[in-house]
Amino acid sequence: MTTIREICCNDLLGMTNMMMGQESMSRPLSDYMSTMSEYPEYSLVAVAPGNQIEGYITAINVGEGLEKHCEIKEMHYLRGDMAEMLLKTVEETADNMHNVYYLEVDLQSDNEKYLTLFKKIGYTCSKEYYDVIHGELVNKTVLKKYLSGGGLHLLAETAATSTAI
């Protein structure tokens, strides 16, 4: 049975082997520690029996009002069901604790594994763009999933109605 809990500093050592060999995992450990301290409820790790780390996710809240959203900054997992559990936990936290309007993740367009996973659980493509990473032009995709947002949908509908009149 796997447990999902907030990341602690000791977990960074267990996550290091998952970060190695990943081109997108070039963030220094200080970035993880900064995210862990500011958004501990979004810095989660999936731990199997024997304290074996099977996956992790980090996210942050950004914006105000109708633009308030949660950005998934980093995620890695060993099994597909692990990723879904981590994402579901972040979604529930964002929706219930922070009244976030939507979740967003920025991926490289050629990352089929993650694109397929996110689309399977309800994320849709909101935009595509090009970025320069390590001196190379890379195609990126931004995926979104809208949440209840603690009534923010009602504000958006009211704003749309008032501007239409």
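Looking at Glu84 and Leu117, their side chains come closer than 4.5 Å, going by heavy atoms from C-beta outward. For the pair Phe118/Val105, a side-chain contact is recorded, criterion being any heavy-atom separation below 4.5 Å from C-beta on. Residues Lys144 and Cys125 are not in side-chain contact: their nearest non-hydrogen atoms beyond the backbone lie 4.5 Å or more apart. In this structure, Tyr56 and Leu44 have side chains that are not in contact, with every pair of non-hydrogen atoms separated by 4.5 Å or more. Here the side chains of Val132 and Val138 are not in contact, with every heavy-atom distance at 4.5 Å or above.
Taking both residues in full, the closest heavy atoms of Thr58 and Ser43 are given as CG2-OG, 4.2 Å, listed atom of the first, atom of the second, then distance. Contact between Tyr77 and Ala83 at its shortest, heavy atoms only, is CD2-CB, 3.3 Å. Considering every non-hydrogen atom in both Tyr39 and Asn61, the closest pair reads OH-O, 3.3 Å. In terms of heavy atoms, Arg79 sits closest to Thr2 at NH2-OG1, 4.0 Å.
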Intermediate values then yes/no, side chain to side chain contact (heavy atoms under 4.5 Å, CB included), Arg5 and Val47: CA-CA 8 Å; Arg5 62 170 169 76; Val47 182; 3.6 Å; yes
Evaluation steps, side chain to side chain contact (heavy atoms under 4.5 Å, CB included), between Lys73 and Asp106: CA-CA 8 Å; Lys73 301 305 274 181; Asp106 192 351; over 6 Å; no
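Side-chain contact of Asp95 with Tyr101: a donor-acceptor pair under 3.5 Å is absent, judged by distance alone.
Considering OG1 of Thr89 and CD1 of Ile4, their distance stands at 4.0 Å, rounded to 0.5 Å. From Leu143, atom CG reaches atom NZ of Lys119 across 6.5 Å, with rounding to the nearest 0.5 Å. We find the CD1-NE2 distance between Ile57 and His76 to be 12.5 Å, quoted to the nearest 0.5 Å.
Using modelled atom types, one side-chain atom of Ser126 and one backbone atom of Val142 make a donor-acceptor pair closer than 3.5 Å.
Centroid-to-centroid, the aromatic rings of Tyr123 and Tyr102 stay 6.0 Å apart or farther.
Hydrophobic clustering of Ile, Leu, Val, Met, Phe, Trp and Tyr side chains at less than 4.5 Å, counting indirect connections, unites Ile121 with Met85.
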